[in-house]
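Structure record follows, encoded as structure tokens.
In listed order, ligands and their atoms are each counted from 1. The first residue of the sequence shown is numbered 1, and numbering continues consecutively from there.
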Amino acid sequence: MTEAPETFADQLLGFSLPSRHARGRAVRLDGALQEILSAHAYPPAITHLLAEALVITTLVGGLLKDGGEDGDGGQLTMQAQTDGGVVRLLVCDWQGGSLRGYVDFDAERLDALGANPSLTALFGKGYLAVTFDLPKAGGRYQGIVPLEGATLGEAVESYFSQSEQLPTLIRTAVRSGTAGTVAGGLLVQHLAEGEEGRERLHVRLDHPEWEHVAVLAGSTRHDELIDRDLSLEALVWRLFHEEQQVRVEVGAHVSRGCRCSTEHYRAVLSRFPEDEQLAMGDENGVIVVDCAFCSRAFPIDLAPTQG
Ligand SMILES: [Zn+2]
């Protein structure tokens, strides 16, 4: 018998506790995270915030049924924004293992906040929008919740309990050091018996079955989430080994992915009327499009090619 390979970084692990009607996702981002961060030169507080957001996006995106590598383009977008906050906009999205994200912030005002600003200090009165685009199911739906709580994870927990009626627990950890930034996370949620996929009238956060799972999942330690030598299988086993049954399934490989390209922007711009194209371009008819995810500028020449 050969031992099953274990999951360490940049790969989702799905798990479920059938007897407790709970399901979960675990992930640790390492190389993929370094690659996303390398497009920017963010200060530590913003690096930390984006790393946490990318972990949560991966965990939530990993819940999409058609969002795996061989899915048909199901996409999850998390967008946090505010009026007049230090962080103006944070966007992350996930599509079949492709992950990207960026933060738009006021550098001067961030400096004034010190080394470890709270979520409230960063966003002020902010909102979090979670959008699912599901081409196969033919739908797009979005939930918006106030950006409240101590962490982004708490705001996403309240998105699930308020908008989706799903009791959810999220834990994340981020560490930056000489070996770069590593971030890990765990998401667990309760699907009431026989109710998956059905509209529920109310959510029982005090369900004894869920309370039990939440206590176990809540005992995850930060250092376990970011320990590069601890497999996600071992992490899940540590938490739930006393349960009747724990099922695990290796999910999508995670990598930095962006849809920006000269061809993509040319196709988008070509749909604009000619006079608008002229107005957007410089004196040579070149339109410069910025990809905020990649910090890259794409000069697009829409003039008809000679010949
Ligand atoms: Zn890009």
Salt bridge (charged side-chain N to carboxylate O under 4.0 Å, His left out) with Arg20: which residues, sequence neighbours excluded?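 With sequence neighbours excluded, Arg20 shows a salt bridge (charged side-chain N to carboxylate O under 4.0 Å, His left out) to Glu243, given in chain and number order.
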Suppose we screen for salt bridge (charged side-chain N to carboxylate O under 4.0 Å, His left out). Which residues come up paired with Glu35, at least two apart in sequence or across chains?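 Here the qualifying residues are Arg256.
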Is Phe105 close to Leu89 at the side-chain level, that is, under 4.5 Å between some pair of heavy atoms?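 No, their side chains stay 4.5 Å or more apart.
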For the Zn ion (ligand 1), report each protein N, O or S atom nearer than 2.8 Å, sorted by chain and then by residue number.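 As for protein N, O or S atoms lying under 2.8 Å from the Zn ion (ligand 1), they are Cys258 SG, Cys260 SG, Cys291 SG, Cys294 SG.
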Out of curiosity, does Phe15 fall in the hydrophobic cluster containing Leu230 (side-chain heavy atoms, cut-off under 4.5 Å, transitive links)?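 Same cluster.
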Once rounded to the nearest 0.5 Å, what's the spacing between atom CD of Gln162 and atom CD of Glu157?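 If we round to the nearest 0.5 Å, Gln162:CD and Glu157:CD are 11.5 Å apart.
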Side-chain donor/acceptor pairs under 3.5 Å, residues 233-242, sequence neighbours excluded:
from: Glu233; atom 1: OE1; to: Thr7; atom 2: N; distance (Å): 2.8
from: Glu233; atom 1: OE2; to: Thr7; atom 2: N; distance (Å): 3.3
from: Glu233; atom 1: OE2; to: Thr7; atom 2: OG1; distance (Å): 2.8
from: Arg238; atom 1: NH1; to: Glu224; atom 2: OE2; distance (Å): 2.8

